[in-house]
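Report on the structure given below.
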Amino acid sequence: MNTNRRAFFQLLAASVVLAPSVRTWAQQLSSSNDPFILKSAQDALQVMDFEEAARRVLPAAHWGYMASGSDNNMTLQANVEAFKHIGLKPRRLVDVSKPDLSTRIFGSLWETPLFICPVGGQRAFHDEGEQATARAAKARRHTMILSNVSTYSVEEIASTLGTPPWQQLYMPTKWQDTEKLVKRIEDAGSPVLVWTLDLLAGRNTPTMARFARQDTRDCIECHTEGAGVQIHKPMYDGLEGKINPSDATWATLERLKKMTRMKVMLKGIDSAEDTELAIQHGADGIIVSNHGGRAAETLRATIDCLPEVVQAAKGRVPVLLDGGVRNGADIYKALALGAAGVGIGRPYIWGLSAFGQAGVERVLEILRAELKLTMQQMGTPTLKDISAARLARA
Ligand SMILES: Cc1cc2nc3c(=O)[nH]c(=O)nc-3n(C[C@H](O)[C@H](O)[C@H](O)COP(=O)(O)O)c2cc1C
């Protein structure tokens, strides 16, 4: 059991002001039969229940790779914390008997605005990796963005989903490799290419490295040169494999746009200035993201960056958001600040780690139910009804 929870229940059990029945109950909870350990995905009541479940099953290095951020992990924390400073202002006596969570992105109907963010190397979390995530996305009808450093290829995931995923791009440093990779993704039928911009300048990940040092396993089976990031990445088969050119500019976006019929979204735009430039240079959409606090230590939560991006976009392109989303109210707040769609990374990876497909499905199910309930509680039964008028500084 989580030490804080155990200490809390021990305190209750020892309290003289509580009724004996409550003390007995607290005593039971503080002892060995831990009610907080999930036995199945269905046991989870909130998304955060999966975090501890994932920590228990993952080896130190893989937990560290997923759970950590860059530098002092403060941007990672800021993403989550910032939502807690935004309150909600409910309206009463609105007919909320028929809530409708659906929306349209690039003309396609989404049942809910929730999407699955690209997360690399998912076989580090579960044997079935991206295949389990894709089966969950299909079963629950959510758009999945496949990472470019996935352990299954875009063709394999397209076949599992029954439709090609949106595909994230880590641009190769060699332009000819970019051409080959983009053509491969286009040939697989992906409608949207999501170019991730926030790692072009590199990153510093000491926490991840510290966790890796605790891991004493022999990693050569999966990592070509022992522990580290050198895993087999099928999307880079036949390519040199070096990615994220630090000399990329807005002209690179124009070249990319000319090369493909796919919509090109930019992931990692966090300012009004870059939003304007992105649109001028042809971006079809924007994801406000800081890589889940895994890129630069900016201390700026994505939910705090969202308003200036939405304002600068002026409705010309869809603006999506990810980072720190842990419950349905968080999704609601992002929608109220103008996000057209809201993504999750770690939450579904916790579910995947602990229970495979069933875990991912339960995370999606919980978030959808919480969003629906929040919409009803706020008197905003459709997405069009949601606006910043329903928000208050907490
Ligand atoms: C373990 C891990 C791996 C990730 N891999 C990628 C990736 O390959 N490509 C990418 O664009 N973003 C990647 N991300 C960032 C996510 O797409 C997303 O921006 C972030 O996880 C959202 O924040 P959250 O984890 O708080 O939900 C990764 C995130 C994590 C936690």
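Note that ligands are numbered from 1 as they come in the structure, with each ligand's atoms numbered from 1 the same way.
Heavy atoms from other residues, nucleotides or ligands lying under 6.0 Å from CZ of Arg217 number more than 12. The environment of Arg213 atom CZ is sparse: at most 12 non-hydrogen atoms of other residues, nucleotides or ligands sit within 6.0 angstrom.
Summary of contacts: the protein heavy atom closest to atom 8 (O) of ligand 1 is Ser147 OG, 2.7 Å. Protein heavy atom nearest atom 12 (N) of ligand 1, with residue, atom name and distance: Lys267 NZ, 3.0 Å. In this structure, the protein non-hydrogen atom closest to atom 1 (C) of ligand 1 is Arg294 NH2, 3.4 Å. For atom 7 (C) of ligand 1, the nearest non-hydrogen atom of the protein is Tyr170 OH, 3.1 Å.
Of the polar atoms of Gly120, at least one N or O is found under 3.5 Å from an N or O of ligand 1, judged by distance alone. Considering backbone and side-chain N/O of Gly324, one or more are found under 3.5 Å from N/O of ligand 1. Some N or O of His291 is nearer than 3.5 Å to an N or O of ligand 1, by distance alone.
Side chains of Asn204 and Ser70: no donor on one and acceptor on the other come within 3.5 Å. Using a 3.5 Å distance cut-off with no hydrogens or angles, the side chains of Gln122 and Thr133 do pair a donor with an acceptor. Side-chain contact, Thr151 with Glu130: a donor N or O sits under 3.5 Å from an acceptor N or O. Counting only N and O atoms by type, the side chains of Thr260 and Glu186 include a donor and acceptor under 3.5 Å apart.
Residues Val288 and Trp195 are members of one and the same hydrophobic cluster, defined by side-chain heavy-atom contacts under 4.5 angstrom among Ile, Leu, Val, Met, Phe, Trp and Tyr.
The proximity of Val149 to ligand 1, defined as any non-hydrogen pair under 4.0 Å, is limited to the side chain. With a 4.0 Å cut-off on non-hydrogen atoms, Ser150 does not touch ligand 1 at all. Residue contacts with ligand 1 for Gln168 involve side-chain atoms from C-beta outward but no N, CA, C or O (heavy atoms, distance under 4.0 Å). Residue-level proximity to ligand 1 for Arg326 is carried by the side chain, the only part with a heavy atom below 4.0 angstrom.
In this structure, Trp350 CH2 and Phe125 CZ are separated by 12.0 Å, a value rounded to the nearest 0.5 Å.
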Legend entry - Evaluation steps, salt bridge (charged side-chain N to carboxylate O under 4.0 Å, His left out), between Arg362 and Glu365: CA-CA 5 Å; Arg362 182 73 181 135; Glu365 181 182 44; 2.6 Å; yes
Inset, instruction - Assess whether side chain to side chain donor-acceptor pair (under 3.5 Å) is satisfied between Thr160 and Gln131, documenting all intermediate values. - result: CA-CA 7 Å; Thr160 302; Gln131 291 283 16; 2.4 Å; yes
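Residue Thr196 has at least one heavy-atom neighbour below 4.0 Å for each of these atoms of ligand 1: 10 (C), 11 (O). Atoms of ligand 1 lying under 4.0 Å from at least one heavy atom of Tyr65, given by number and element, are 1 (C), 3 (C). With ligand atoms numbered from 1 in the order given, ligand 1 contributes 22 (C), 23 (O), 26 (O) to contacts under 4.0 Å with heavy atoms of Gly323. Numbered from 1 in the order shown, with element, the atoms of ligand 1 that lie under 4.0 Å from a heavy atom of Met66 read 1 (C), 31 (C).
The shortest separation from a heavy atom of Asp322 to ligand 1 is under 4.0 Å, placing the residue in contact. Residue contact annotation: Pro347 has a non-hydrogen atom under 4.0 Å from ligand 1. Heavy-atom separations between Asn79 and ligand 1 are all 4.0 Å or longer.
For the salt bridge (charged side-chain N to carboxylate O under 4.0 Å, His left out) with Glu111, the qualifying choice from Lys372, Arg104, Arg140, Arg141 is Arg141, the only one to do so. Residue Val182 is tested with Met171, Met262, Gln167 for a side-chain contact (heavy atoms from CB on, under 4.5 Å); the sole match is Met262.
Scanning Lys233, Arg346, Gln122 for the heavy atom closest to atom 25 (O) of ligand 1 points to Arg346. Within the set Gly343, Gly345, Pro118, the minimum heavy-atom distance to atom 16 (C) of ligand 1 is found for Pro118.
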